[in-house]
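Computed from a predicted structure; not experimentally measured. Just follow the structure's listing: the first ligand is 1, and inside any ligand the first atom is 1.
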Amino acid sequence: MRIAVVSLFPQMIRDALSYGVVGRAIERNKLEVACVDPRDYATDVHRTVDDRPYGGGPGMVLKVEPLVAALRAAEAAFPARVRRILLGADGRRFEQAIAREAALWPGLILVAGRYEGVDERFVEGEIDAVWSIGDYILSGGELPALVVIDAIARLLPGTLGAAESAEQESFSDGLLDWPHYTRPAAIAGRAVPEVLSSGDHAAIARWRRREALGRTWLRRPDMLERRGMSAEERALLEEFKAERAHDAGRVESSFVR
Ligand code: SAM
């Protein structure tokens with residue numbers, strides 16, 4: 001898959017792409033990321049890419065012409081038209097389902113805004129969708145672009161090793177992940193749940209399912225409501241609630257909820 005990022009800070013994108021799963025995806029040629037800087041397409045001596053907002057007010061707005069020129073340069077490297085996505089807090093929430101869909105596309109172009117944002121005529125004329133990574137304001141679209149790239153890269157076939165799996169992660173089936181533990185078996189008076197050392201695979205799978213349901217119920221009841229539950233899952237969740245009610249040592253503060 002090929003992703004092009006239109007950004008005023010291409011080095012910020014490049015630097016972050018060399019690590020971990022994404023770095024590996026690039027190394028294995030599963031993913032190619034190219035950056036295009038609109039400043040390289042500004043036509044005046046000052047390489048101006050922004051201007052004051054019509055109607056007054058603080059901040060600057062990214063101009064249409066350098067953005068369009070950068071977009072055309074980014075497009076030129078694709079054999080066919082790909083989707084053009086603007087990162088914006090006013091966009092559709094980027095979620096795992098969108099990442100899964102995008103991982104099937106041959107490529108895409110991500111446009112990172114800066115300052116107050118981009119001239120709306122660029123959005124109307126050139127952009128297929130606006131994606132937000134959450135209800136907060138960042139200084140630029142570079143971090144959101146990196147978030148999108150990372151989420152997509154780990155879904156590309158052959159990116160994750162055999163020991164890792166995107167299928168068992170949070171959101172894969174509408175639930176959060178279950179808790180994980182590693183050695184030592186006990187630390188600071190806290191022991192690993194006994195069932196996990198039992199060797200009973202069915203019991204472990206059942207416990208994990210129950211914890212995933214319980215954790216989702218505690219922290220993301222909205223997800224559970226949307227997803228619904230089978231009769232068996234309802235029973236597992238009731239078991240989780242009952243155990244929790246009797247477990248005075250368990251710390252589930254409003255912070256973790
Ligand atoms: N005036 C804009 C608003 O109120 O929505 C905020 C602009 S923000 C300072 C600059 C750029 O950062 C945006 O154009 C966008 O590309 C990016 N950005 C900021 N927050 C974002 C978010 N939550 N999701 C995606 N992109 C975001």
**Student:** Should you measure from each heavy atom of Gly141, which atoms of ligand 1 turn up under 4.0 Å away?
**Tutor:** 12 (O), 16 (O), 17 (C)

**Student:** Tell me the closest heavy-atom pair linking Val5 and Ile149, and the distance in Å.
**Tutor:** CG2-CD1, 3.9 Å

**Student:** Of Ala89, Gly117, Ala112, Gly59, which has the heavy atom at the shortest distance from atom 22 (C) of ligand 1?
**Tutor:** Ala89

**Student:** Got a salt bridge between Glu75 and Arg72, using NZ or NE/NH1/NH2 to carboxylate O under 4.0 Å?
**Tutor:** yes

**Student:** Looking at ligand 1, does any of its N/O atoms fall within less than 3.5 Å of an N/O of Leu87?
**Tutor:** yes

**Student:** May I ask you to decide whether Asp200 forms a salt bridge with Arg206, counting only side-chain N to carboxylate O separations under 4.0 Å?
**Tutor:** no

**Student:** Give a yes or no on whether a salt bridge exists between Arg215 and Asp177, defined as a side-chain N under 4.0 angstrom from a carboxylate O.
**Tutor:** no

**Student:** Would you please determine whether Phe94 falls within less than 4.0 Å of ligand 1 on a heavy-atom basis?
**Tutor:** no

**Student:** Would you check the N or O atoms of Gly134, main chain and side chain alike, for any that come under 3.5 Å of an N or O of ligand 1?
**Tutor:** yes

**Student:** Between Arg28 (side chain only) and Gly158 (backbone N and O only), is there a donor and an acceptor less than 3.5 Å apart?
**Tutor:** yes

**Student:** If you count the atoms of ligand 1 from 1 in the order shown, which ones are under 4.0 Å from a heavy atom of Trp131?
**Tutor:** 25 (C)

**Student:** Find all atoms of ligand 1 within a distance of less than 4.0 Å from any non-hydrogen atom belonging to Ile133, and give their numbers and elements.
**Tutor:** 24 (N), 25 (C)

**Student:** Are the side chain of Ser132 and the backbone of Gly134 linked by a donor-acceptor contact shorter than 3.5 Å?
**Tutor:** yes

**Student:** Looking at Arg121 and Glu124, is there a salt bridge between them, counting it only when a charged N and a carboxylate O are closer than 4.0 Å?
**Tutor:** no

**Student:** Got an N/O contact under 3.5 Å between Gly88 and ligand 1?
**Tutor:** yes

**Student:** Stepwise, does the side-chain contact (heavy atoms from CB on, under 4.5 Å) test hold for Leu108 with Met1?
**Tutor:** CA-CA 8 Å; Leu108 79 155; Met1 179 182 206; 3.5 Å; yes

**Student:** Look at atom 9 (C) of ligand 1 and find which of Val123, Val130, Leu138, Val118 reaches it with the closest heavy atom.
**Tutor:** Leu138

**Student:** Would Asp90 count as a contact residue for ligand 1, given that I'm defining contact as a non-hydrogen atom of the residue lying under 4.0 Å from a ligand atom?
**Tutor:** no

**Student:** Taking 4.0 angstrom as the limit and counting only heavy atoms of Pro144, give me the atoms of ligand 1 inside it, by number and element.
**Tutor:** 25 (C), 26 (N), 27 (C)

**Student:** Give yes if a backbone or side-chain nitrogen or oxygen of Ile137 is under 3.5 Å from a nitrogen or oxygen of ligand 1, and no if not.
**Tutor:** no

**Student:** Answer yes or no: is there a donor N or O on one side and an acceptor on the other, between the side chain of Arg208 and the main chain of Trp178, under 3.5 Å?
**Tutor:** no

**Student:** As an exercise, identify every atom of ligand 1 less than 4.0 angstrom from a heavy atom of Ser132.
**Tutor:** 23 (N), 24 (N), 25 (C)

**Student:** Which option wins on minimum heavy-atom distance to atom 18 (N) of ligand 1: Gly113, Gly140, Pro53?
**Tutor:** Gly140

**Student:** Taking only Lys NZ, Arg NE, NH1 and NH2, and the carboxylate oxygens of Asp or Glu, determine whether Asp44 and Lys63 approach each other closer than 4.0 Å.
**Tutor:** no

**Student:** So for ligand 1, is Glu116 a polar contact partner (N or O within less than 3.5 Å, distance only)?
**Tutor:** yes

**Student:** Report the nearest protein non-hydrogen atom to atom 7 (C) of ligand 1: residue, atom name, distance rounded to 0.1 Å.
**Tutor:** Tyr115 O, 3.4 Å

